[in-house]
Each structure stands twice: as C-alpha cells, then as structure tokens.
There are 2 protein chains.
Amino acid sequence: MATIYDVAAAAGVSPKTVSRVLNGEGPVGRKTREAVETAMAGMGYVPSNAARMMRSNRSGLVGVITGAISTADEARPTGLPELVIVQGIQRVMAERGMTMMIADTGDRSDTVPALVETFLRHRVEGLIYVAEYHRKVTLPAIPKDTPVVLANCYDDAGTTCILPDDEQGQRDLVTRLIAAGHRRIAYLTLMSHLDATRLRTAGYRAALEAAGIAHDPALVTCCETTSPEAETRLLHAAVERLMRLPEPPTVLCCGNDKMALKLYGILRSRGTRVPDDVSVAGYDNHRVIAETLYPPLSTIELAYGAMGGRAAELLLSLIRGEAAPDAPVLVRGPVYWRSSVTALGTTLDPSTTSSTTGGHNG
Amino acid sequence: MATIYDVAAAAGVSPKTVSRVLNGEGPVGRKTREAVETAMAGMGYVPSNAARMMRSNRSGLVGVITGAISTADEARPTGLPELVIVQGIQRVMAERGMTMMIADTGDRSDTVPALVETFLRHRVEGLIYVAEYHRKVTLPAIPKDTPVVLANCYDDAGTTCILPDDEQGQRDLVTRLIAAGHRRIAYLTLMSHLDATRLRTAGYRAALEAAGIAHDPALVTCCETTSPEAETRLLHAAVERLMRLPEPPTVLCCGNDKMALKLYGILRSRGTRVPDDVSVAGYDNHRVIAETLYPPLSTIELAYGAMGGRAAELLLSLIRGEAAPDAPVLVRGPVYWRSSVTALGTTLDPSTTSSTTGGHNG
DNA sequence: CGATGACATGACACCGGTGTCATAGTGCGG
DNA sequence: CCGCACTATGACACCGGTGTCATGTCATCG
C-alpha cells in the first residue's frame, strides 16, 4: 500500500507537505495542493490510521460492548431492542466522524474483560456498554482516563448511565387507557425480580392513584418464566382467572409485545375477541409484532434508539473532558395507539391525554 | 498510558525483552520473564495495536459492512436475519482472534465507499459485505490485495459469495408437505422481482414435479407489496379466492414467517382454523414469530448464522492466500416441523422425508 | 532601500512497538 | 584448555505519519 513518502516523491514535495494537504492544515500553495491531490488519487493512496495515531494519540475509535448480536433472533425479543440502542449510537458516532468497534459478549459476561482489553489495545477514546434489558451490571476495571457510559443498565460504582424511564412509561400508557374509559386494568407483568417490573408496577399504580381508582391486587399477575411452555400455561391460567372475576378487566396490559402476541393466540382459542371483548396493550413497540398483529397492537415505545443516541452524545462530551451528570439519564418514548384497545363510552378528560403520551400511528 | 519503555525501565531490562515476553517469542530467562510480567501487571500496561501494526503490518482487523443495524426493528423482518449473519461472522472471527469492525450503511448504498475507505485506513485484512436479502449488489472499487466476500448477495464481477439455497430450501419444505399427504399446495410469494421468489418458485415446482403432481398456476400468487395495508388487502383477497376454488388448497405456503403471522390474523377473522381447516407454512424460521405464534409455525430455516460462519471462514482462507471457489457457495437450513401443518391421512413414503429435510422441534 | 511579517515549504525528531543483527554468558566434547 | 553451539539479552533502525522549528521568498511599509 502506498505511503505518504510515495505520494511526496510523485508530487515532488516533502512528506510534511503531503500531510498538510491531507489535513487541510497550514498554508499550502494552490499548485502544490493540486499536484499532491493528483498524485494521491493516481496511486490510490489511503492514509494509515495507525501511523497517524502514534503521534497524535487520537484513534477516532469508540468501543461498544453488547450482546445484541448473539442474542438476536433467539426466542426472546430482548436482543432486538438492544440492537436498536447500537443503531442509535452508530448514528451519532457516524455524524461525529468516529468509527465504532463492536464486540459481542456472546451472551457470557466472562468474556467482557477480554473485549475491554482488545478495545484498549486499539486505544479507543471511550466505551459504551449496552445491556439486553434494564438491569444492574458489574464491569471489569477500566483505566479511569477512558470514559465509560452504560446504556440500559447501571452499576454500583455510579458510572454514567442512560436508563429507560420504565415507571413514567407504564404510567403514561395506563393514563392513556384510563382516558379511553378503562377502569378495570389488568397488568400481566414480566418476571418479578426485574427492575423493569418493579418500576412499571409502580407506574401502573401511580396512574391508577392519580385517577382515583383503587388498586386491585387481583388484577396484577406475573406471566413470565424461563420456559416458553410454562409461560403459555401461566398466561392461559391468568386469562381464565381474570375473565371469570366478578368484575373482569376491560383491558389486559402485557409486560411486552411478545407476551401480547402469545395472548392473542390464547384469547382466540377461547373465543375472546380483541378488542370487542377485551382490549390488549403491549410494551416496547416491537414493530414486527405490533404492526403485523391483527388487530395492530397499542403499545409504548421504549425509545431504545434515543437511548443509544443519548449514550453516544454523553460519551463524546466525556471524551471532550466535560463533567458527567450526577444522576442516571432517563429516556421516555411515546405511546402508540392502535386498534387493539377500544375506547369505552366514558367522558374523556382532555387534560389526561397530553401530547407526551399521545402517540403517532405507525 | 504506559509504554513498553516504562515496563522495561521498571523491570530493569531492554524494551526488546519486554516485547519478547509479550509475544512469547525467543528464549527469555524465567526470572526475567517474571520481573517483566510483574511490572506489566503493576502498571496496567496494555500494548498498542497501532504501534505493533506499523512494523508487522498485520492489523488483526476485518471489516463488516451491513445494514443490519439500521434496518433492525423496522417493520420488515429482513433486517433481523441479516444480523444473524453478522453473528455467524463474529463467532468465527472471535475464535480466530480477529477483531471485527462493523460499519452500518444506514440503509443507503451511497455511504458504502466512505465506509470502505474508513476500513482501509485501519488496514483491515479483509472485508465482508452483508446484504439484507438475497440480491445483486455493486461494490465500489476495492484494492485487489484486500480480499472481499459477499454474504447473502452476489455481483457481476464474480466476487466470492455465499448465498442461501432458496431453490432447494423451498423444494425441501414442499417435499415435506407432500410427504405429509398434501396435494393442493398454495404458494403465497414475496415480490416477484426478487431472486428468492424466482428460485423458490422453481423449487416449489420441482418438488411438485418430482411427486408427479400437476402444477396449478391458480395456487401461486404474489402477496407482498411495499405498503403494509395494501399487503393485508392483497393477502385477504388471495385467501378468499383460494378457499373458494372448486378444489381449495390444504396448505398455504407463505413467502416468509411475517406473512404467516399476518395470515393467522386474517384466517382467524374469517373463522378458518389452523391447522384444522387449512395448514400454514412459513419461510425463515424467524423464531420470535414461529415459536410464539399459536399454533407454532412450520417453516424452514435460512441458516443465516451458517452463512455468516462460512463467509468468515472463506475470508480467512483468502487472507491466508488460498484460492477462491469459482462458484457461489450455497447454504441450506433444516425444515422445522411444528403444529401449524397437519398430516393428511395418506400413505407416507419414508424415502421423501430424508434426514436433510427432517427438522428439529424448537 | 532595508526591516518586517505573512506565506510556503522542508528538515528532523518522535510516537511505541518489532525485525535484524550483534554480543555476552554457559555447558560440553575433543 | 579451547572452540563450538546454544541461550539470553541488548543496540539500533524502521514502520508511516505528525508536531516543532527553521528557512527561504515575496510584498508591504516606514
């Protein structure tokens, strides 16, 4: 591969002048510049980042650690949103001329130290760790002069992090359901130990409380387990129980869109029509599911893309030496209102359907 | 960040000796090695890949160009399989100690030249281009000493490529349906200009022909368009027409799993039960859909992961200077037999359900 | 007309490793 | 006791750019 010296010789100038042309730096005569540019184009010269980095000490690289790649298309849809975070990061980094190195954990946390080491060898200017769902993580030691941002996760060390606003999200969705006239709102949660479940349940209750609706524990059930079959049975049992209540729910809120997909099949098999007999809402705005289901699913977006974007911006500001925020940055997404939820004929208070919760139609 | 000189000074040896310890190269005395290792650990030394590369000219980097990241979670599920290809590449590259740089096209082909340039600046040892679906591509000029492999696509220049065996795949699936007693097999295709559609239709006909079943053009319809609503209408109309035929089909083969998901909703709305009234088969084994649908979907896997793995292995062999295969490498996946297809009470010829088409149950 | 400063360019060291070659120590057979 | 092969280590140049400083050439101005 051609070097700056080859170009210099071909153009009849010194290597330093070629370097100046490359970087548009310092005064260079018009004719000299043209000669250099011609020579570069003629020999297909591409500068070596490695050589440049040696002296200037700026790699232009950021590292992203994720399980997005290895968890994609596994039965759980969590891997996909994770990927959207990476997309958000990518978008911002590309704008700023940074190159992204992606390392995949292969879904095993013990590979992380090696991945970090690889990044450090390449002298990345910063690191982003992306988790597959809202949770706590523990990172290996990273030199403190390398900025780190956590996306979709947090740690005990208080590392800068971006998190989804699960509490406010569920609250927005339930508030919207209440505005549509629903009073008996069931909540089929994800696994109970998850941060998301804790926060969303709090949001669910806050929305009820704000509307003066008493909380009925019989309406809240965990419907997620690690085994797909057991989960189907769990969901089945929950639906049976809920629909036989003296005052059955008018809407079933699912922990995520995938659960809603499963729920559709179960409701169909027992002859319950959506949304005529009961409404269904999801969580995530997993578009392959939400838009393709029949009827299309009302849900709330987790704004993973925005989370990635914010994480990237935050990392870049840390790289510039700016101060880190002292609290987690919370990101919210809009409600997507589709035909899986019907409006009950109740007076609608416009103040409860604010613009932040009013969604676009996909 | 500490350098090899700092380590050398701390250990009381020369930089070259530190280099030897790093690379486990040449004879180094036990006590010397230990002193160096202690010094390295003590100061958290991490070697600079850039510096190493200057002299040895091996970057240990491979570039992957894809739209996987930006197309993920868009309504079309094509972006997801693409990602599985990347996963396959990643798995093999990680095994071989290569670091993967991923560049995303942002779904616009005009960004590709810039991405290639970025990779060349980093002196990648090879490039893989991953397409979102089986199709022809045109790459920008790439120095011929940099090996390139195309995954899920091909070009006019005869660049080394890995392709899904669409024809054989559809043939395997239809052969399996025939073995289950089906004779009237409808095929709802993807858009007609796609390579996949052309090849799979050929495979569909080949399977019929091999079984001595006459091809009925009334059973084959294109059911994909660019607009989701128009597509739903198209699918609706196709189902109406097919089910009113004098001799209606006993199974509906969909162009992909997403179409099958849509079809489930349409069949439900007209009171047609799956698989009691009609069987349904997909294509892709898009697990989020195929396993979660009720009843679970019979489908055939495109083996995207395997394609990625083969692409990576092929690239590594090209990097080693081995010769390229002179024809596209075709990759097949297994049939996944789930409960969306019922067996009709016909004699089953065991010879038609070979081990290559017999699928696992997910 | 000589001093001054902006412009244009080059010489040279340096970044952090590695390849090549030289050299000092060590055990051993003749 | 000497030459020899082998082990252990270091000196030094080099990879391909960039930062620093020096130098040469004009146009401008007092």
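Just so we're on the same page: letters track the sequence lines, and every chain starts at 1. When reading the values below, keep in mind they use all heavy atoms of this one structure, side chains included, and skip hydrogens, waters and symmetry mates.
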query: What is the distance, rounded to the nearest whole Å, between atom CD of E25(A) and atom P of dG17(D)?
result: 14 Å
Just distance, no hydrogens or angles: give the donor-acceptor pairs under 3.5 Å from side chains in residues 33-44 of chain B, sequence neighbours left out.
{"from": "R33(B)", "atom 1": "NH2", "to": "V28(B)", "atom 2": "O", "distance (Å)": "3.2"}
{"from": "T38(B)", "atom 1": "OG1", "to": "E34(B)", "atom 2": "O", "distance (Å)": "2.8"}

- request: Would you mind classifying the nucleic acid contact of N23(B) as base, sugar-phosphate or nothing, using non-hydrogen atoms under 4.0 angstrom?
  value: sugar-phosphate
query: Can you check the L22(A) CG to dT18(D) C1' distance for me, whole Å?
result: 11 Å
field: Exam field: side chain T111(A) to backbone T105(A), donor-acceptor pair closer than 3.5 Å
entry: yes
- prompt: In whole Å, what is the span from the CZ atom of R52(A) to the P atom of dG17(C)?
  reply: 20 Å
message: Donor-acceptor pair, distance only, cut-off 3.5 Å: does the side chain of E125(A) make one with the backbone of G60(A)?
response: yes
field: Length of the CD-P vector between E34(B) and dA8(D), whole Å
entry: 13 Å
statement: Here the distance between atom P of dG17(C) and atom CE of M1(B), to the nearest Å, is 10 Å
task: Could you please spell out the steps behind the salt bridge (charged side-chain N to carboxylate O under 4.0 Å, His left out) verdict for K136(A) and D155(A)?
output: CA-CA 5 Å; K136(A) 189 162 105 175; D155(A) 67 2; over 6 Å; no
task: May I ask you to evaluate whether S19(A) reaches the phosphate of dG17(D), defined as a side-chain N or O under 4.0 Å from OP1 or OP2?
output: no
- line: Here the pair of heavy atoms bringing A151(A) nearest to A311(A) is CB-CB, 4.1 Å
Base-contact (B) and sugar-phosphate-only (S) positions in nucleotides 9-15 of chain C, heavy-atom cut-off under 4.0 Å, - elsewhere: BBB-BBB
- prompt: So, D195(B) and Y154(B): side-chain donor and acceptor under 3.5 Å apart, yes or no?
  reply: yes
